[in-house]
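Letters go in sequence order (proteins before strands), and every chain restarts at 1.
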Amino acid sequence: MMLDLGKWHADRPGWLWYLLALFTWLLVVVVMLFPPVACAQQAGGSQNGQGGCQFLDHWVQMESRGDPMAANGHSTAVGRWQMTQAAFVDVGLIQQNSRVTSAHYGGREWTNVTFRDNPFGIRNLQDLRANPAAQDYYGRLYHQMQWQSAQRQGLVRDFVGQTVNVGGRQVQINESALLTCMGYLGAGDCGRMLRGQPMANPQNTAHALWRMSRASACDGSDLAGQNTQVDAQANLAATADGMYCDPTVLQRLEQAAVTQVNALTALAAHPQVGYRTAEGGSPLQALGQEGDEMLRALGLAGMFSGGTGGVFSTGGFRALSCLDNLLGGVNVIFAPPSLPNILGMLESYVCRQVEGLYRQAVAPLNQNFFRDFGVGGVSVPIGVGVSMRGAPGIRVNSSNVMSWGRNSSAFDMFGQSAIPRSPVPTQGGGIFRR
Amino acid sequence: MMASTLRSVVLASLLAGAFFHGQTAMAQGEAWRPVEFRAPSAQEMQIVQRAYAQLLRSATGAEVTVARVDVDGDRVAELAVRISHPTLCGPSGCHTVLLQAVNERGRQTWTPILERRSTSLETGRMSQGRPSALRIRVNGREIWEVGPSGLYAALIESFGEPVDLRPNAPQPVLRAVLAAANREAGGGNDIRPDMVFAAPVELGGARLWLAQVSSGLLCGQVGCPVYILSADGQPRVLAQFGALEGGLVVGRWPGGEGLIAAQSPLGVTLFAFQSGRLVIRETTFASQATPTP
């Protein structure tokens, strides 16, 4: 069946435009209130270098958001730099007299150490937590020592400026990325990972790569005295893996994506304002019974009765099989019951993931359904946040024909994504963690 | 005077008795209540199908059983779900998930707070923290408690006994550890003897040494290196892994192999050690060793 998919009707109802305008407005509000950039760039520091941040600022932001009183409940990491007892041993502030126990976690007093004489007059952990200047002094010293260690191990010579294949992921290494590798994994596993040797704790690889990618956008010359330019965006794309973002941002992003896709789907399929067959009527109407089934599957059935039906609800969105799969795929990343401890510690990834999801959700529409179809000058803007700016707008006009044979299904136009993971519903019908 | 002294002694005895009785009661009175799984109602099945649609589609004929229990003490019962299917079951049981009911702005949503393969699930009183919440025991051993952030996490102590690492390890052990650690740190002498904490352990029937190096150069945010050494006259490093300081426990797998539990920011990694080989057997978080469907 050949369909004239671009025919635009002047008698489109005002309510649909009203709804679309409303959605667009809501989207703008959402993006203004909860910009993904707040996540994606939250670890930034002073403006400098390729990514607008310095390594040391970046590390502090990633570890504690700059809070000198920060304390990790699952380790001895404290302060702006989240240095552990082991790190403070290295920089000469403390001597451990006995082993660490969980009684020393979470900022509780370090009864197992002796504080050495120091220029800051620090005599116990609470003194240390209350002294950000001392934290900065020891933090910088610690990372300098790590850089020197990396030099001694040949990691600087062998890997800075190089692209490393880690588990099939191509990661460009600069000073900042290497310092992050050392700080997060420690010298041993960092070296083993970069050299492709078996790691002692391979389960940490994914997060380490993600941290390195984030850091690679920053200038490491504040410690290393040099800064190697790398493609940080390519790094981020290569190492995308399951991390967390602020749940409210996620929720808003998801809702925004839901709203947009629903609106676009409705626009495309609506018998009065959407694409029409050469014989008149919408593509779905033209398919008769099959079209009705598709409409139901798409959550669009209510459209024909004059109401908004399910399409403007999340239920309608989730009924889109491919999108359901895409959303379900995000849950792989969360593995919520099994990764509770990293909630709050790992930021930002999901923002990008949702952006990616959004792009994935919309791209098939663009590619398979809307591509090259102008809409008589009408452009529906899409874009959620900074990284969405490059997302294509949707233009539909009257001069194109799309073949939609009986062997095709409504889902073909969206493409399929086989991500073997079941979605877990949350508020709004999505799958994101609270 | 005599009566006064006698009265004091009796009072002290009573107080001491009450104290020790309390201690014993705390030690012995760990009452675990089994979570009884049953066939789901239509509404419960709807929740499960929504949460695990793809999983149920791929595991044809899977049996779903459920139970309701309010673990977080918010008076809204969570939904425990067990999905039994050959692809979802193993020696440690079948895929079990605890979905937490959350009411937000009038809508109820379900979020997994625990996902493990299990044969049994039990609940008990929290040892500390939130008195209204329940702790969860998986397969009669693995205990999960809710933390200050409201998230459930496995307690490493439930896998065995903490290793009593101490400074001043015997010279042969120290030499072997320093050699390995300094090599790892770039070949210098940055790793000093006072950074090494060690303890003799029995693992899978073998006498060994465990030594952790507390050096910021070798430690990362994910933990510090731990070396497993032979306990003979010339100790040598047999294997290595990482654990957060204070997060190291040893025990025994049901088959008799040595079990090492190591805490990391992601959760607990369970290693099996037998005949000089160290392998990751399970993790309490999603990983290649413990994939979640």
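Interface residue B:Asp190: only side-chain heavy atoms are found under 4.5 Å from chain A. Only the side chain of B:Pro167 comes within contact range of chain A, with at least one heavy atom under 4.5 Å from a heavy atom of that chain. Only the backbone of A:Ser98 comes within contact range of chain B, with at least one heavy atom under 4.5 Å from a heavy atom of that chain. When heavy atoms are compared at a cutoff of 4.5 Å, B:Leu278 does not approach chain A at all. Of the atoms belonging to B:Cys219, heavy atoms from both backbone and side chain fall under 4.5 Å from chain A. For a residue to count as touching a neighbouring chain, one of its non-hydrogen atoms must lie under 4.5 Å from one of that chain's; by this rule B:Val48 does not touch chain A. Proximity to chain A involves both the backbone and the side chain of B:Ser215, based on heavy atoms less than 4.5 angstrom apart. Contacts between B:Phe241 and chain A at a heavy-atom distance below 4.5 Å involve backbone atoms as well as side-chain atoms. Looking at B:Arg183, there are no atoms closer than 4.5 Å to chain A (heavy atoms on both sides), in backbone or side chain. Contact of A:Phe88 with chain B is not made at all, since no heavy-atom distance falls under 4.5 Å. Looking at B:Gln212, there are no atoms closer than 4.5 Å to chain A (heavy atoms on both sides), in backbone or side chain.
Summarising the geometry, atom CD belonging to B:Gln263 is positioned 9.5 Å from atom OG belonging to A:Ser75; distances are rounded to the nearest 0.5 Å. Note that CE of B:Met195 is 10.5 Å distant from CD of A:Gln95, once rounded to the nearest 0.5 Å. Within the model, atoms OG of A:Ser149 and CG of B:Leu218 stand 7.5 Å from one another, a figure rounded to the nearest 0.5 Å. The line from CD1 of B:Ile191 to CG of A:Asp90 is 6.5 Å long, rounded to the nearest 0.5 Å.
Listed options A:Arg152, A:Gln151, A:Gln82 were ranked by heavy-atom pairs under 4.5 angstrom with chain B; first place goes to A:Arg152.
A donor and an acceptor atom, one from each side chain of A:Glu63 and B:Gln221, are located under 3.5 Å apart.
The heavy-atom pair separating B:Gly216 from A:Gln146 by the smallest distance is O-NE2, 3.1 Å. For the pair B:Leu217 and A:Tyr142, the tightest heavy-atom approach, listed with the atom from each and the gap, is N-CE1, 4.5 Å.
Partner of B:Glu245 under the side chain to side chain donor-acceptor pair (under 3.5 Å) criterion, out of A:Gln96, A:Arg99, A:His104: A:Gln96 alone.
Inter-residue side-chain proximity for A:Gln153 and B:Glu184 is flagged as unmet; no heavy-atom pair is nearer than 4.5 Å. Between B:Ile280 and A:Pro202 there is a side-chain heavy-atom pair separated by less than 4.5 Å.
Counting non-hydrogen atoms of other residues, nucleotides and ligands closer than 6.0 Å to CG of B:Asn168 gives a total of 12 or fewer. In B:Arg166, the CZ atom is not crowded: 12 or fewer heavy atoms of neighbouring residues, nucleotides or ligands sit closer than 6.0 Å. In the displayed structure, A:Gln197 atom CD is contacted under 6.0 Å by more than 12 heavy atoms of other residues, nucleotides or ligands. Heavy atoms from other residues, nucleotides or ligands lying under 6.0 Å from CD of A:Glu109 number more than 12.
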Check step by step if side-chain contact (heavy atoms from CB on, under 4.5 Å) holds for A:Tyr105 and B:Leu244. CA-CA 10 Å; A:Tyr105 290 177; B:Leu244 284 170; 4.3 Å; yes
